[in-house]
There are 2 protein chains.
Amino acid sequence: MREGLTIGEFATVTHLSVRTLRRYHEAGLLAPKRVDPFTGYRYYATEQIPSAQVIHRLRELDVPLAEVKAIMATDDPDRRAAVVAGHLRRLEEALERTRGAVVALRRLLGPPDGELAVEVRAVPGCVVAGVRGRVELARAGAWYDGAMAELDAAFAVGGRTGPPGGQYANELFTGGTGDVVVYRPVRDPRPSGRVEVIDLPAAEFAVAVHEGPHDDIDVTYGRLGAWVVGHALAVGGSVRETYLVGPRDTGVAADWRTEIGWPVFRLSPA
Amino acid sequence: MREGLTIGEFATVTHLSVRTLRRYHEAGLLAPKRVDPFTGYRYYATEQIPSAQVIHRLRELDVPLAEVKAIMATDDPDRRAAVVAGHLRRLEEALERTRGAVVALRRLLGPPDGELAVEVRAVPGCVVAGVRGRVELARAGAWYDGAMAELDAAFAVGGRTGPPGGQYANELFTGGTGDVVVYRPVRDPRPSGRVEVIDLPAAEFAVAVHEGPHDDIDVTYGRLGAWVVGHALAVGGSVRETYLVGPRDTGVAADWRTEIGWPVFRLSPA
DNA sequence: GTGGTGTCTCCCCCGGGGGGAGGGTGCAGA
DNA sequence: TCTGCACCCTCCCCCCGGGGGAGACACCAC
């Protein structure tokens, strides 16, 4: 019986590369059973093969090494399964975004759309019920769903006075993280849970309506932006979206209608 | 009318970050319409918004910047669509591998399997018909399918004398690229197209059978490797797989049976 | 003993960004 | 016209998870 597998032998039986195994050792992810204190040679045990394979698979799922380390550190199979399940959920989200990107890409590469109807409108301030948060773009969808559900629960259908909306700081898009407000005009705004009473300030908006699923809403954003610039206006402040027809109204995404309002300033008092 | 959008304004309307726009400029991907020669300020035109959005979407699909550049360089919509379609195919493959990793992970994290039946067998050399190639691991599946189809076309069912097999260099797994031979024992081996007459050398193999889909075949590899090491043998040379029951026999992946043969040497003449 | 192969550490490279320093610009209000 | 501030510039280092290669040492069979 040998004293252990050399790194090359271990690489062969696990189908990992020698370099990768060294990296995993360095990262504290998979330490060889024994390291010769004089030569630095790494020796692995056959019992480590399954661990190496788990790591290999997790990496194939793009689980970050730090998280893999956390998973390997716990022996509790339930905890492991939970972490893995969480990652599968993230994979689903990534897949969803990929699907959305494909939809948007098809539209972008297809025949150009017709004229976009844009209107500049002064929107008075109003007091609404809403939920505030600072979210990452990748998780904005899930966050929105949760906040909207809470809002819906707090105000009965009879108390609502208009379609729901959201206000999104520009940093959310350009920086990946930003302040978001999900709100709904109601007859009697009052706080409850995460729901606050929010005072939406008055502003002048360039408004356009995006028709269809939200996957390619950026196309409408771009067209609205081009319109605004072409009309000697400057954009500034947080965007507001109003969900005239949304997922809560119909499951047919093609029928959704989203109003996009971008705060504008006149550059020259024409 | 302005002379163009500053990088910040362009970032706002395209939902890209300023840094990313600078990088795209540097990479020759999306040059601003005008760069002030004195200040270096970048000014973008509204006509560039759609291009920026296409790039954004392609990046969301993990299309490398170099490839995005190639796509943007051609105006031919057919060529663009072809490149995009090619990438969608790659995405499908990635998705397939992800699915496989999930399957393997479930098995690894589940209850441990029973004893693996391993046999050491001296396999005599034989002359077969086969296709050689140097392939990347990620594309091995597609390559295998193509080679096997050519082999099947060259030799009628009556001329085949055994199940098909493959020989895989270890570098394929540990380095990502390696020499592969797909072969089939036939009554009358003769070259045709990519098919060559191949002389498989005799060797001693540790042999185990993997049952089920190939997604988690690495698990069996690891168990076979552990057995080999535990029996004072050393692995070396290229692995041979024999597809006793494979995708060409039944669509039910759970019924597949794959024999794995790993060339071994005795370490000590016990 | 000797050669070949394996292994060690170390540094640089890749892609696709993010953070921040340090300094120059544009523009609007005073 | 000046001043302040937000914007923009370049430059460098960092992140992740690896690969390539140099130069030096270790192992092992002959």
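By convention in this document, chain letters (A, B, ...) are assigned in the order of the sequence lines, proteins followed by strands, and residues within each chain are numbered from 1. These numbers come from a predicted model, not from an experiment.
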[X] [atom1] - [N] [atom2] separation (whole Å):
X      : N      : atom1 : atom2 : result
A:L30  : D:dG17 : CG    : C1'   : 16 Å
A:L137 : C:dG18 : CG    : P     : 12 Å
A:D62  : D:dG17 : CG    : P     : 9 Å
B:R59  : C:dG15 : CZ    : C1'   : 8 Å
B:L58  : C:dG15 : CG    : C1'   : 16 Å
B:L29  : C:dG16 : CG    : P     : 9 Å
A:K69  : D:dG17 : NZ    : P     : 12 Å
B:H25  : C:dG17 : NE2   : P     : 16 Å

Look at the side-chain N and O atoms of [X] and state whether any lies under 4.0 Å from the OP1 or OP2 oxygen of [N].
X     : N      : answer
A:S17 : D:dG18 : no
A:Y43 : C:dT7  : no
A:R23 : D:dG19 : no

| query | Are there more than 12 heavy atoms of other residues, nucleotides or ligands under 6.0 Å from atom CZ of B:R134? | reply |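 Yes, because the 6.0 Å sphere around CZ of B:R134 holds more than 12 heavy atoms from other groups.
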Angle between ring planes, A:Y221 versus A:F173, binned at 30° and 60°: parallel, tilted or perpendicular?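 It falls in the tilted class, 30° to 60°.
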| message | Could you measure the distance from the CH2 atom of A:W227 to the CD atom of A:E119? Nearest 0.5 Å is fine. | response |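 Answer rounded to 0.5 Å: 9.0 Å.
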For nucleotides 7-12 of chain D, 5' to 3', base contacts (B), sugar-phosphate-only contacts (S) and non-contacts (-) with protein non-hydrogen atoms under 4.0 Å give BSSB--
Testing the 3.5 Å rule here: is there a donor-acceptor pair between the side chains of A:Y43 and A:E9?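 Note: A:Y43 and A:E9 side chains miss the donor-acceptor criterion.
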Going by an N to O cut-off under 4.0 Å, is there a salt bridge joining [X] and [Y]?
X      : Y      : value
A:R99  : A:D215 : yes
A:E67  : A:R90  : yes
B:D216 : A:R57  : no

Classify the nucleic acid contact of B:F38 as base, sugar-phosphate or nothing, counting any heavy atom under 4.0 Å across all strands shown.
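B:F38: no heavy atom of the nucleic acid under 4.0 Å.
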Contact nearer the 5' end of DNA chain D, comparing A:D36 with A:Y24: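 This one resolves to A:Y24.
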